[in-house]
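For reference, the structure discussed in these notes is given below.
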Amino acid sequence: MNFRIVLDSSCNLVPTQEHITTVPLKIVTDEKEYTDNAALDIASMLDELESYKGRSGTSCPNVGDWLEAFGDAEHVFAVAITSNLSGSYNASVQAKMEYEEEHPGRRVCCLDSLSTGGEMVLIAEKLEELIAQGLSFDEVEAKIREYMKHTHLLFMLESMENLAKNGRVSTIVAKACGILNIRVAGCASEVGTLQPDHKCRGTKKALEAMVKDMLAKGYHGGKVIIDHVYNPEAAEALKAKILELFAEASVRIGRCGGLCSFYAERGGMMVGFES
Ligand code: X90
């Protein structure tokens with residue numbers, strides 16, 4: 001299969017192979033625009049934004065961005081951040097319609113991850129696996145949709161200021177998170193919204209809550225992708241807890257990209273996993 005897997009940059013992945021690419025989201029202020037790609041200096045962006053007094057927000061890839069990333073692949077699988085919080089998925093669907101009309105015979109499958117971050121990477125890796133098995137486009141689509149019922153995302157946040165300011169979470173919940181040492185832990189809900197489940201005093205309690213939530217969602221030793229915003233300690237501590245329970249589990253730690261660093265903020269962590 002001549003194929004390409006395209007994800008938006010909220011997946012926190014820096015692709016290294018030609019058949020996987022990302023389309024950037026942007027972080028914007030009244031003065032500056034940061035494009036969420038491999039060249040973005042995330043540390044400087046956070047420093048600048050933390051001292052910036054004006055408004056800041058984000059924008060999703062447009063139809064043209066998605067089309068460009070499709071390249072000239074015969075079969076495209078596009079994986080987008082939850083359509084409940086972003087217009088990225090809708091833009092990908094628009095791009096699919098144009099692409100298929102312009103190139104009869106070519107196919108695009110748009111997947112609304114109802115999530116973001118590592119959960120999107122799990123989906124992309126499963127796509128690669130299914131394609132490598134030699135399945136047809138339709139078979140891959142059916143199987144990936146089934147697999148997506150078994151992927152999940154949890155988060156732990158130290159601040160929800162940017163999420164609240166941009167209307168992605170209620171200000172009431174966000175206020176608790178601003179209190180010293182309160183960590184909000186939660187998940188991507190079934191409908192792809194941000195669901196805060198626990199207000200925990202300190203990181204240790206939050207990590208305990210997260211492991212419990214993983215087990216409650218049916219985690220039993222599958223793949224885990226942890227991405228953090230300058231909080232390697234929490235990521236390592238969570239990894240150790242998971243390995244205590246499932247010694248053979250594949251647990252990877254990475255860094256959040258620009259978009260997720262903006263919303264998850266310093267100290268934040270996101271955990272994609274399989275059940
Ligand atoms: O289109 C845009 O401008 C992008 C908007 C993105 C909004 C939310 C990003 C959240 C990133 C926070 C923790 C994980 C939340 C899971 C929610 C489904 C990271």
Side-chain angles (χ1 to χ4, degrees), residues 7-13 22-29 33-36 42 45-46 49 55-63 65-66 78-95 111-123 148 151-170 173-174 177 183-198 206 210 213-214 217 225-231 234-235 238 254-273:
L7 305 97
D8 68 48
S9 68
S10 72
C11 67
N12 300 325
L13 185 79
T22 55
V23 277
L25 287 100
K26 284 178 182 150
I27 297 93
V28 282
T29 70
E33 192 174 271
Y34 305 87
T35 301
D36 186 16
I42 295 168
M45 179 187 82
L46 290 179
L49 290 176
R55 280 175 307 179
S56 54
T58 57
S59 70
C60 67
N62 60 32
V63 181
D65 298 327
W66 279 104
V79 189
I81 182 171
T82 169
S83 64
N84 231 314
L85 296 178
S86 169
S88 186
Y89 172 72
N90 283 335
S92 76
V93 172
Q94 214 50 49
L111 300 165
D112 179 354
S113 70
L114 296 176
S115 182
T116 183
E119 188 172 354
M120 290 169 68
V121 175
L122 292 174
I123 295 167
M148 286 165 71
T151 56
H152 312 265
L153 184 80
L154 299 182
F155 59 80
M156 177 192 82
L157 303 171
E158 292 188 12
S159 163
M160 295 177 111
E161 201 177 318
N162 285 336
L163 281 164
K165 274 188 187 157
N166 285 284
R168 260 84 189 190
V169 77
S170 94
V173 181
C177 203
R183 310 276 176 267
V184 169
C187 65
S189 74
E190 299 261 312
V191 291
T193 52
L194 200 134
Q195 181 178 312
D197 293 312
H198 317 274
M210 290 176 92
D213 285 354
M214 284 178 75
K217 286 181 186 297
I225 300 179
I226 307 175
D227 293 317
H228 63 88
V229 189
Y230 297 96
N231 198 348
L238 181 65
R255 283 189 175 182
C256 286
L259 188 279
C260 287
S261 295
F262 173 76
Y263 282 111
E265 300 190 51
R266 222 178 270 281
M269 184 164 73
M270 315 164 59
V271 186
F273 64 96

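Basis for what follows: all heavy atoms, side chains included, without hydrogens, waters or symmetry-related copies. Keep in mind that this is a model prediction, so the values were computed, not measured. Atoms within each ligand, like the ligands themselves, are counted from 1 in listed order.
- By the 4.5 Å heavy-atom criterion applied to side chains, Leu194 and Met160 are counted as neighbours.
- For ligand 1, one of its N or O atoms has an N or O atom of Ser86 under 3.5 Å away.
- Residue Ala188 approaches ligand 1 through these ligand atoms, each under 4.0 Å from one of its heavy atoms: 18 (C).
- Side chains of Asp8 and Trp66 form a contact here, defined as non-hydrogen atoms less than 4.5 Å apart.
- Interface atoms of ligand 1 facing Ser59, defined by a heavy-atom separation under 4.0 Å, are 3 (O).
- Looking at heavy atoms from C-beta onward, Pro24 lies out of side-chain contact with Asp65 at the 4.5 angstrom threshold.
- Residues Phe273 and Met214 are in side-chain contact: their nearest non-hydrogen atoms beyond the backbone lie under 4.5 Å apart.
- Between Thr58 and ligand 1, a contact under 3.5 Å exists for at least one N or O pair.
- Cys256 has its side chain within reach of Asn12: a pair of non-hydrogen atoms, C-beta onward, lies under 4.5 Å apart.
- Residue Ser88 places no heavy atom under 4.0 Å from ligand 1.
- Of all the atoms in ligand 1, the ones that sit under 4.0 Å from a non-hydrogen atom of Ile81 are 6 (C).
- In this structure, of Phe262, Tyr89, Phe155, Tyr263, the residue bringing a heavy atom nearest to atom 6 (C) of ligand 1 is Tyr263.
- Given atom 16 (C) of ligand 1, the protein heavy atom at minimum distance is Leu153 CD2, 3.7 Å.
- Looking from atom 15 (C) of ligand 1 to the surrounding protein, the closest heavy atom is Leu194 CD1, 3.4 Å.
- Contact check for Tyr263 versus Thr58: side-chain heavy atoms found under the 4.5 Å cut-off.
- At a 4.0 Å heavy-atom cut-off, ligand 1 does not touch Asn84 at all.
- Looking at heavy atoms from C-beta onward, Ser261 lies out of side-chain contact with Tyr230 at the 4.5 angstrom threshold.
- The single protein non-hydrogen atom nearest to atom 19 (C) of ligand 1 is Met270 CE, 4.0 Å, given as residue, atom name and distance.
- Between Glu158 and Arg266 there is no salt bridge, since none of the side-chain N atoms of the basic residue sits less than 4.0 Å from a carboxylate O of the acidic one.
- With respect to atom 17 (C) of ligand 1, the closest heavy atom belonging to the protein is Leu85 CD1, 3.9 Å.
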